[in-house]
There are 2 protein chains.
Amino acid sequence: MSLRYAILTLLATEPASGYDIVKHFRETLGYFWNAKHQQVYQELKKLSEDGNVLVENQGQEDKPDKKNYRLSAAGLAELQQWLAGSVPPNKINDALLVKLYAGQFTDVANLKAEMHSHRQTHENTLQALLATEQRYRKLTPAEQAHHQLPYLTLRRGILGEQAWLAWADEVMQVLDEQDARS
Amino acid sequence: MSLRYAILTLLATEPASGYDIVKHFRETLGYFWNAKHQQVYQELKKLSEDGNVLVENQGQEDKPDKKNYRLSAAGLAELQQWLAGSVPPNKINDALLVKLYAGQFTDVANLKAEMHSHRQTHENTLQALLATEQRYRKLTPAEQAHHQLPYLTLRRGILGEQAWLAWADEVMQVLDEQDARS
DNA sequence: GCCCATTATGCAAAAACTTGCATAACAATA
DNA sequence: TATTGTTATGCAAGTTTTTGCATAATGGGC
């Protein structure tokens, strides 16, 4: 349900195509929002039918045509109405933790390999977030103030990933000990 | 898709009813798995049809009858097959971060109230997890060793919640400053 | 020249998940 | 005594999300 509002939020800052939005989720905002392209296209269609966004077809010469979406007054109103309410706490479903919980039914080597692979992903994410933070820190105070709230969400990503990696170290230590004992 | 394996994992430790499983998710494992009761009942039905679990109707005197599910050999095999593969990295969709990101379109008081309310939830969760950790620490070394992997998932919950709260402090500080300036 | 990645959109079907309603007995509380 | 909470299960319908397929042009590497 909140995908709708995630899209409206992006469009509130600047007009974009479905492709742009998907790219944004994948490359920049993946630490707090993820969606497949089909889901985004479908939601944009609905938003368009409901009058929350306006579409403009843009023919491009060397690339496929794109549809440029921008927020309508009604769209901004709906976003603000959503913002006025409270959002439910996050639902967590973590398959990796299920696997660890059930770890006694598989071998330690498997668990170690899995942790290793996930740690790589999280390390990559953290590095990308830290690089973004560096770029933020080089902005002028006025620019920083302007992006302060998005920056706070970036901080969530950074602190979250650091905590994940600290946890992974604990896990690897225990798994190494288990390995040594067998 | 992993709900299936979360359920098989719980049943691998001990037989349980749908109600028991839901309760377990809600009260104990909510920091890494969540599901509504309907979803659990539906999945148990499928697991039963596929021969992965065995059912036994238990009449109870003062309470409604319950269905006791336990893992079959085929169920254990399927769980182990799933464990042998790798699990995809977690998909994150955090509506609170969307709201913060779009914070410029609402007022600071609203954001502060929302953060406050979420912080309360996370503090309660952390306290519950820390209490569970204290109980674990009072076990004998042999018992601790037996629950070492579930304990590692508990650590994830604790480190995750602590990181969340540390982040919330950063956010509240910024929001207080913004409030003071206006 | 062939394959793959990127840009750009979409339909159709399946699977996963939520919401609303329904039943039913007991215990505690207002 | 009426309502609410806990135990215990489930159907039916809806919404959300995923998966599979499809098209189409350009540019780069082998």
Side-chain angles (χ1 to χ4, degrees), chain A residues 1-8 10-11 15-27 30 32-50 53 55-69 82 87-95 98, chain B residues 1-8 10 15-28 30 32-50 53 55-69 82 87-95 98:
Chain A
M1 198 56 231
S2 312
L3 168 64
R4 186 179 188 84
Y5 302 103
I7 291 175
L8 289 177
L10 290 188
L11 294 180
S17 67
Y19 193 82
D20 294 335
I21 292 169
V22 171
K23 218 177 156 185
H24 222 105
F25 285 155
R26 235 188 26 235
E27 292 174 6
F32 78 80
W33 205 268
N34 292 274
K36 308 260 155 138
H37 80 267
Q38 296 89 338
Q39 218 189 327
V40 172
Y41 286 126
Q42 283 170 49
E43 197 63 51
L44 281 170
K45 196 182 166 187
K46 274 191 232 163
L47 283 168
S48 174
E49 284 164 4
D50 298 347
V53 299
V55 205
E56 190 199 351
N57 273 60
Q58 283 191 324
Q60 296 185 120
E61 269 179 29
D62 51 342
K63 293 172 186 175
D65 295 354
K66 63 156 70 181
K67 291 183 174 178
N68 211 44
Y69 291 91
W82 178 75
V87 298
N90 232 19
K91 195 191 152 184
I92 299 171
N93 288 87
D94 193 330
V98 172
Chain B
M1 198 58 233
S2 312
L3 168 64
R4 187 178 187 85
Y5 302 103
I7 291 174
L8 288 177
L10 289 187
S17 67
Y19 193 83
D20 294 335
I21 292 170
V22 171
K23 219 177 155 185
H24 222 104
F25 285 154
R26 235 189 24 234
E27 292 174 6
T28 325
F32 78 80
W33 205 268
N34 291 274
K36 308 260 155 140
H37 81 266
Q38 296 87 339
Q39 220 190 325
V40 172
Y41 286 126
Q42 282 169 47
E43 197 62 52
L44 281 170
K45 196 181 166 188
K46 276 191 229 162
L47 283 167
S48 175
E49 284 163 4
D50 298 346
V53 299
V55 205
E56 190 200 354
N57 274 60
Q58 282 192 325
Q60 296 184 122
E61 268 179 31
D62 51 341
K63 293 172 187 174
D65 293 355
K66 62 157 72 182
K67 291 183 175 180
N68 212 45
Y69 292 91
W82 179 75
V87 298
N90 231 18
K91 195 192 151 185
I92 300 170
N93 288 87
D94 193 329
V98 173

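Numbered from 1 within each chain, the chains take letters A, B, ... in sequence-line order.
- For Y41(A), a side-chain nitrogen or oxygen approaches OP1 or OP2 of dT9(C) to under 4.0 Å.
- The listed nucleotides are dA8(D), dT19(C), dG10(D); the one nearest the side chain of D20(B) is dA8(D).
- Annotation: the span from E43(B) atom CD to Q38(B) atom CD amounts to 13.5 Å, rounded to 0.5 Å.
- Within the 4.0 Å cut-off from OP1 or OP2 of dA8(D), not a single side-chain nitrogen or oxygen of K67(B) is found.
- When the C1' atom of dA16(C) is taken as reference, atom CG of L44(B) falls 15 Å away, rounded to whole Å.
- Contact check, Q39(B) against dC17(C): a side-chain N or O comes under 4.0 Å of OP1 or OP2.
- Rounded to a whole Å, the CD atom of Q38(B) is 9 Å from the C1' atom of dG10(D).
- Rounded to an integer number of Å, the gap from N93(A) CG to dC17(C) C1' is 10 Å.
- Remark: K91(B) is not in phosphate contact with dT17(D), judged by side-chain N or O atoms under 4.0 Å from OP1 or OP2.
- Contact check, K45(B) against dC11(D): a side-chain N or O comes under 4.0 Å of OP1 or OP2.
- Computed from coordinates, the I21(A) CD1 to dT9(C) P distance equals 9 Å when rounded to whole Å.
- Distances shown here put a side-chain N or O of Y19(A) below 4.0 Å from the OP1 or OP2 atom of dT7(C).
- Residue order along DNA chain D, read from the 5' end via each residue's closest nucleotide, puts L3(A) first among L3(A) and H37(A).
- For the pair N93(B) and N34(A), the tightest heavy-atom approach, listed with the atom from each and the gap, is ND2-O, 3.0 Å.
- The distance from atom OH of Y41(B) to atom CD1 of I21(B), rounded to the nearest 0.5 Å, is 9.0 Å.
- Straight-line distance from the CD atom of Q42(A) to the P atom of dA14(C): 15 Å, rounded to whole Å.
- The CD-C1' distance, from E43(A) to dT15(D), rounds to 11 Å in whole Å.
- Shortest non-hydrogen contact noted between S2(A) and W33(A) is CB-CH2, 3.5 Å.
- Candidate nucleotides dC17(C), dG10(C), dA15(C) were compared by shortest atom distance to the side chain of M1(B), and dA15(C) ranks first.
- Where R26(B) and Y69(B) each meet DNA chain D at their nearest nucleotide, the meeting point lying more 5' is that of R26(B).
- Checking the phosphate oxygens (OP1, OP2) of dT16(D), a side-chain nitrogen or oxygen of K46(A) falls inside 4.0 Å.
- For A35(A) against V40(A), the heavy-atom pair with the smallest separation is CB-CG2, 4.0 Å.
- One can place NZ of K23(A) at 15 Å from C1' of dT9(C), the figure rounded to the nearest angstrom.
- Rounded to whole Å, atom C1' of dA16(C) lies 11 Å from atom CH2 of W33(B).
- Between K66(A) and dT7(C) there is no side-chain N or O to OP1 or OP2 distance below 4.0 Å.
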